[in-house]
Each structure stands twice: as structure tokens, then as C-alpha cells.
Amino acid sequence: FLGFAAIALVIIFQPELRRAMVRIGEAPLFRSGPADVTPVIDAVVGASTFLSRNQFGALIAIEGRVGLREVVEGGKILNADLSAELLQSIFWPNNPLHDMGVVVRGQRIVAAGVQFPLADPHEMPDRRLGTRHRAAIGITRVSDTIVIVVSEETGAISLAERGRLERWLTPDALRDELLK
């Protein structure tokens with residue numbers, strides 16, 4: 001009976017246990033140093049600036065401690081070195097991979113054409129936001145991922161983290177937020 005009860009508790013409280021593990025992984029003790037993240041930030045900010053200026057939509061997820069293996073499996077595995085130019089080419093209009101998201105792990109683009117779970121429409125801060133923004137909020141609700149969104153309609157750069165969306169960031173503001 002105790003074994004059954006333990007298994008039942010794990011199943012019932014799985015979302016809460018997952019969130020607790022995410023918070024433990026977010027502790028500063030486990031984070032990378034600034035030298036490790038600078039090339040990633042430079043590539044993401046450079047690509048976001050270009051994409052914003054040209055109003056090319058983008059959805060870039062930077063994986064945290066909680067892996068996105070289940071989400072990545074549905075995309076096109078790239079396992080390529082991260083660069084601003086590669087991100088720009090992925091999100092170039094009419095590229096077969098441009099409508100979905102990209103997952104970045106460390107200094108590598110793990111996959112492109114990845115579909116993220118969507119937030120419910122009633123969870124959105126603004127009902128006019130599109131699917132990219134819903135996907136950004138959706139994936140950050142279930143993981144410690146940081147997501148950069150470039151709006152195709154307005155060129156606005158947004159940052160999603162922990163289910164919240166900060167909009168209308170300048171490239172310098174995006175860099176500062178990512179460094180935090």
C-alpha cells in the first residue's frame with residue numbers, strides 16, 4: 001500500500017515537483033559564468049537586431065537547466081555552431097524552418113522547426129499577440145527556458161521568462177536582460 005501511495009503522490013504532484021526541480025536548477029550555484037554566455041548573447045542579439053529591422057519573425061529558445069528533449073524531437077536536428085548568420089538564415093522568409101522555433105543549448109543550435117507548447121489565449125497579456133508569443137509564454141511556463149521573440153508584424157523584440165513577456169526591447173535592453 002505504501003508503494004502504491006508513493007507512486008500515486010508522484011503522479012498527482014508531478015507538475016509541482018517539476019517546477020520545484022526547475023527552481024533548484026536556477027540557483028546561482030549551478031549557472032554558467034559570463035565568459036560562457038557572451039558568444040551566445042552576441043549571436044542572439046545580433047540576429048534579433050537584423051530580424052527586427054527587417055520584420056522577419058523569430059522564436060529563439062535558450063535552454064536552461066531543464067532540458068527540452070521532448071520538444072526538440074519534433075523539430076529538425078541541426079547540432080550546429082551558434083552564429084547570428086545561421087539564426088538569420090533560419091528565420092529568412094520562405095525558409096521551411098522559419099515558422100517554428102529554434103532551440104539553443106550552450107553554444108549550439110540543437111534544432112530548428114521546433115513546435116513549442118502554446119499558452120492558453122486567456123493567459124496572454126495582450127489578445128492581439130500571435131502564435132510565436134503564445135509559444136514563448138507556453139514553453140517558459142513548463143521550463144526554465146528563456147525565449148526571444150521577434151514579431152513579424154511590428155518587428156518588436158520581446159523576451160519571455162517564467163511565463164512572463166517583456167515587450168518592445170531595444171537590442172541594448174535585450175543584451176542587458178540576457179546578461180542578467
Item to complete: For the residue pair Leu86 and Asp81, establish whether any side-chain heavy-atom pair is separated by less than 4.5 Å.
Response: no
Fill in: Taking every non-hydrogen atom, the tightest pair across Pro121 and Arg134
CD-NH2, 3.7 Å
Worksheet entry | Rounded distance (nearest 0.5 Å) linking atom CD of Gln107 with atom OG1 of Thr38 | 9.0 Å
Worksheet, complete the sentence: What one should report as the nearest heavy-atom pair of Ile137 and Pro125 is CD1-CD, 3.7 Å
Worksheet item: CD1/Ile7 to CD1/Ile12 distance, rounded to the nearest 0.5 angstrom?
Response: 12.0 Å
Discussion item. For a quick test of reading the model, state the closest non-hydrogen atom pair linking Arg132 to Leu59 and the distance between them.
Written reply: O-CD1, 3.6 Å
Item to complete: Measure the spacing between CG of Leu118 and CZ of Arg141 and express it to the nearest 0.5 Å.
Response: 12.0 Å
Fill in: Val71 vs Phe116 side-chain heavy atoms within contact, under 4.5 Å
yes
Worksheet item: Taking all atoms of both residues into account, what is the closest heavy-atom pair of Ala136 and Val147, and its distance?
Response: CB-CG1, 3.6 Å
Discussion item. Less than 4.5 Å apart, side chain to side chain, heavy atoms only: is that true for Arg127 and His122?
Written reply: yes
Item to complete: For the residue pair Arg167 and Leu129, establish whether any side-chain heavy-atom pair is separated by less than 4.5 Å.
Response: yes
Worksheet item: Out of curiosity, does Trp92 fall in the hydrophobic cluster containing Ile60 (side-chain heavy atoms, cut-off under 4.5 Å, transitive links)?
Response: yes
Worksheet item: Above 12 or not: heavy atoms from other molecules or residues under 6.0 Å from CD of Glu177?
Response: yes
Worksheet item: Between atom OG1 of Thr131 and atom CD of Gln115, what is the distance when rounded to the nearest 0.5 Å?
Response: 9.5 Å
Worksheet item: Atom CZ of Arg69 and atom CD of Glu63: how far apart are they, to the nearest 0.5 Å?
Response: 8.5 Å
Worksheet item: Should Leu87 and Ile41 be counted in the same cluster of Ile, Leu, Val, Met, Phe, Trp and Tyr side chains packed under 4.5 Å apart?
Response: yes
Fill in: Qualifying side chain to side chain donor-acceptor pair (under 3.5 Å) pairs with a residue from residues 42-58, counting only residues at least two apart or across chains
Asp42-Arg175
Worksheet, complete the sentence: Interatomic distance, CG@Leu178 vs CG@Leu159, rounded to 0.5 Å, equals 6.0 Å
Practice prompt. Give a yes or no answer on whether the side chain of Ser143 reaches the backbone of Thr140 with a donor-acceptor pair at less than 3.5 Å.
Written response: no
Worksheet entry | Minimum-distance pair of heavy atoms, taken over all atoms of Pro171 and Val45 | O-CG1, 3.8 Å
Response to the item:
Residue set satisfying ring-ring contact (aromatic ring centres under 6.0 Å, His included) with Phe50, at least two apart, ordered chain then number -> none
Worksheet item: Do Leu174 and Val104 share a hydrophobic cluster (ILVMFWY, side-chain heavy atoms under 4.5 Å, transitive)?
Response: yes
Worksheet item: Is it true that Trp168 and Ile148 fall in one hydrophobic cluster, defined by side-chain heavy atoms closer than 4.5 Å?
Response: no
Discussion item. Any heavy-atom pair between the side chains of His133 and Ser151 that's under 4.5 Å?
Written reply: yes
Worksheet, complete the sentence: Of all heavy-atom pairs linking Ala47 and Gln88, the shortest is CA-NE2, 3.8 Å
Worksheet item: If we only count heavy atoms from C-beta on, is the Ile139 to Pro117 side-chain gap below 4.5 Å?
Response: yes
Worksheet entry | Any Val114 side-chain heavy atom under 4.5 Å of Leu68 side chain | no
Worksheet item: So if you build clusters from Ile, Leu, Val, Met, Phe, Trp, Tyr with side-chain heavy-atom gaps below 4.5 Å, do Ile146 and Ile90 land together?
Response: yes
Discussion item. Just so I know, are the side chains of Val37 and Ile62 near enough to count as touching, which here means a heavy-atom distance under 4.5 Å?
Written reply: no
